[in-house]
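Report on the following structure.
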Amino acid sequence: MDIKDLAGFEKAIINNIEELFEEANWLHRFGHFPRAYTLSYLAFEENAKITFLTFLAWDIFAGKDYSNKEIENLFKSELFTNHKLKLRIAFLKLPGYDYQQSVQQINILNILKNKSIYADIFEGEICKPSDFFSKNQSSIMIDIAKNTLEKRVEELGFTQIKHVKKITNEVIEIYYQKMKNLFDSQFHRKNWNYIDYLKCIIKNETLFNRVKETFRT
C-alpha cells in the first residue's frame with residue numbers, strides 16, 4: 001500500500017461525503033427531516049476516515065509498510081466500530097469545537113441519530129421518527145456536515161463544496177506531505193507511529209486541543 005493508493009481512497013470517500021450531503025439537503029427541502037438528519041450524520045461520520053487516512057499516510061511517509069489486509073483490519077478496529085470514537089476523529093477537524101464541546105455534542109448527535117431511524121415508545125405511545133423530528137434538528141446536523149466538508153475542500157486548495165470534483169489524487173498527496181512536515185515541526189518529534197498516536201489524541205483533552213490548533217494553521 002502506498003500514498004497514491006491512500007489518496008485514491010480519500011478521493012472516493014470525499015465523493016461519498018458530498019453525495020450523502022447533497023441527498024440530505026434534498027430530503028430536508030422536501031420535509032423529510034429524520035432521514036435528512038441520518039444522511040447528514042453519516043456524511044459527517046465519514047469525515048473521520050479522511051482524518052484517519054491522513055495519519056496513515058504519515059506512517060507510510062515515515063517508512064511503515066502496511067499491507068492491504070492490515071489497512072482493512074484498521075477500518076474494522078475500535079476506531080470505527082465505536083461510533084463515539086469515530087465521531088471524536090471527525091470533530092478533530094471541525095472548526096469551533098474543543099474537546100469538551102466535542103464530547104458533549106457527540107452524545108447528543110448519537111442519540112438523535114438513533115431516533116432519526118427507529119420507532120420508539122414515548123409516554124406510553126409508539127412514535128416513528130417523523131412524529132417528533134423537527135426541521136431545526138435536521139438543519140443543525142446538515143450545517144455540521146457542511147462545515148466539515150468545506151474545511152476539507154479548503155485544506156485541499158478549493159473554495160466551495162461544488163469543487164469536490166476538481167480534487168485529484170495528486171492534490172491529496174501534496175496535502176499529506178505538507179501536513180506531516182507541519183505536524184512534525186509543531187510537535188518536535190520524528191518517527192512516530194501516527195495511527196497509535198491518533199488513538200491517544202482522541203482520548204486526551206490536552207492533545208486533542210493542541211492537534212486541533214495545528215490543523216487550523
Side-chain angles (χ1 to χ4, degrees), residues 1-21 41-95 97 99 102-103 105-106 109-110 144-145 147-156 164 167 169 171-184 186-187 191-204 207-217:
M1 185 65 66
D2 60 22
I3 296 299
K4 291 185 182 298
D5 294 321
L6 293 189
F9 287 177
E10 173 163 345
K11 175 62 176 166
I13 292 167
I14 290 176
N15 287 343
N16 189 43
I17 292 170
E18 184 200 24
E19 290 171 9
L20 286 166
F21 174 70
Y41 174 99
L42 294 175
F44 175 57
E45 198 177 54
E46 278 282 83
N47 282 280
K49 294 177 183 174
I50 291 177
T51 301
F52 176 83
L53 286 176
T54 300
F55 279 77
L56 190 60
W58 298 349
D59 267 345
I60 291 174
F61 280 132
K64 185 165 179 56
D65 184 19
Y66 285 100
S67 67
N68 291 347
K69 187 63 177 176
E70 284 176 313
I71 291 179
E72 184 180 336
N73 288 338
L74 284 170
F75 271 85
K76 295 177 181 177
S77 69
E78 185 188 22
L79 287 177
F80 293 100
T81 58
N82 184 320
H83 287 280
K84 290 188 176 181
L85 293 183
K86 190 175 181 180
L87 286 177
R88 286 190 193 183
I89 300 175
F91 266 100
L92 197 56
K93 298 295 263 325
L94 181 63
Y97 290 85
Y99 182 85
S102 299
V103 169
Q105 192 71 9
I106 284 166
L109 297 184
N110 205 40
I144 288 174
N147 291 340
T148 312
L149 181 55
E150 282 181 339
K151 167 71 173 173
R152 188 53 171 175
V153 170
E154 289 171 4
E155 286 174 341
L156 296 174
V164 162
I167 296 171
N169 292 8
V171 165
I172 297 169
E173 290 176 49
I174 292 168
Y175 173 83
Y176 288 160
Q177 182 64 70
K178 171 188 170 185
M179 287 307 299
K180 182 180 185 300
N181 294 339
L182 176 62
F183 197 89
D184 287 345
Q186 291 287 327
F187 287 81
N191 302 320
W192 280 344
N193 183 314
Y194 289 95
I195 293 300
D196 285 346
Y197 196 61
L198 177 60
K199 297 174 186 177
C200 296
I201 290 167
I202 60 172
K203 296 178 181 179
N204 182 287
L207 282 176
F208 185 95
N209 290 337
R210 282 188 63 197
V211 170
K212 196 173 187 72
E213 283 300 312
T214 299
F215 278 127
R216 285 183 58 191
T217 304

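- Rounded to the nearest 0.5 angstrom, Phe44 CZ and Leu87 CG are separated by 6.0 Å.
- Every pair passing salt bridge (Lys or Arg N to Asp or Glu O under 4.0 Å) that includes a residue from residues 51-69 is listed here, sequence neighbours excluded: Lys69-Glu72.
- Of the inter-residue distances, the one linking Ile195 atom CD1 with Leu74 atom CG reads 6.0 Å to the nearest 0.5 angstrom.
- Side-chain atoms of Asn181 never come within 3.5 Å of backbone atoms of Lys178 as a donor-acceptor pair (strictly under, hydrogens ignored).
- Summarising the geometry of Arg88 relative to Lys203, their closest heavy-atom pair is NH1-CA, 3.8 Å, with the distance given to 0.1 Å.
- Among Thr148, Val153, Asn147, the one residue that satisfies the side-chain contact (heavy atoms from CB on, under 4.5 Å) test with Glu150 is Asn147.
- Note that the NZ atom of Lys180 and the OH atom of Tyr194 stand 3.5 Å from one another [nearest 0.5 Å].
- Annotation: ring-ring contact (aromatic ring centres under 6.0 Å, His included) contacts of Phe55 (sequence neighbours excluded): Trp58, Phe183.
- To the nearest 0.5 angstrom, Thr81 atom OG1 is 11.5 Å from Lys76 atom NZ.
- Residues passing the salt bridge (Lys or Arg N to Asp or Glu O under 4.0 Å) test with Glu173, sequence neighbours excluded: Lys4.
- With sequence neighbours excluded, no residue forms a side-chain contact (heavy atoms from CB on, under 4.5 Å) with Ile174.
- Heavy atoms only, all atoms of each residue included: Ala145 and Ala43 are closest at CB-CB, 4.2 Å.
- Between Glu213 and Arg210 there is no salt bridge, since no side-chain nitrogen of the basic residue lies less than 4.0 Å from a carboxylate oxygen of the acidic one.
- The shortest side-chain heavy-atom distance between Leu94 and Asn47 does not fall under the 4.5 Å cut-off.
- Taking Lys199 as the reference, nothing meets the side-chain hydrogen bond (donor to acceptor under 3.5 Å, both in side chains) condition, with sequence neighbours excluded.
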Practice prompt. Could you go through the side chain to side chain contact (heavy atoms under 4.5 Å, CB included) check for Leu79 and Ile202 one step at a time?
Written response: CA-CA 10 Å; Leu79 287 177; Ile202 60 172; 3.5 Å; yes
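- Of the residues listed (Asp5, Ile71, Asn73), the one engaging Tyr66 in a side-chain contact (heavy atoms from CB on, under 4.5 Å) is Ile71, and it is the only one.
- Between Thr214 and Leu182, some side-chain heavy-atom pair lies under the 4.5 Å cut-off.
- Here Lys84 pairs with Asn82, Ile106, Asn107, Asn110 under the side-chain contact (heavy atoms from CB on, under 4.5 Å) rule; sequence neighbours left out.
- Within the 4.5 Å cutoff, the side chain of Phe52 has no heavy atoms near those of the Lys86 side chain.
- Closest approach of Ile201 and Leu92 over heavy atoms only: CG2-CD1, 4.1 Å.
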Let me check something: any side-chain donor-acceptor pairs from residues 11-21 under 3.5 Å, sequence neighbours excluded? List them with distances.
from  : atom 1 : to     : atom 2 : distance (Å)
Lys11 : NZ     : Val164 : O      : 2.9
Lys11 : NZ     : Ile167 : O      : 2.9
Asn15 : ND2    : Lys11  : O      : 3.4
Asn16 : ND2    : Glu46  : OE2    : 2.8
Glu18 : OE1    : Lys165 : NZ     : 2.6

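- Note that CZ of Phe91 and CD of Gln105 are 5.0 Å apart. Values are rounded to the nearest 0.5 Å.
- Residues satisfying the ring-ring contact (aromatic ring centres under 6.0 Å, His included) criterion with Tyr175, sequence neighbours excluded, are absent altogether.
- Here the CD1-CZ distance, from Ile89 to Phe80, works out to 5.5 Å after rounding to the nearest 0.5 Å.
- Under the rule for a ring-ring contact (aromatic ring centres under 6.0 Å, His included), Phe61 has no partner lying at least two apart in sequence or in another chain.
- By the 4.5 Å heavy-atom criterion applied to side chains, Glu155 and Lys93 are counted as neighbours.
- Counting only heavy atoms from C-beta outward, the side chains of His83 and Leu109 never approach each other to under 4.5 Å.
- Scanning for ring-ring contact (aromatic ring centres under 6.0 Å, His included) contacts around Tyr99 gives Phe208, with sequence neighbours left out.
- With sequence neighbours excluded, no residue forms a side-chain hydrogen bond (donor to acceptor under 3.5 Å, both in side chains) with Glu154.
- Between Ile3 and Tyr176, the closest heavy-atom pair is CG2-CD1, 4.1 Å.
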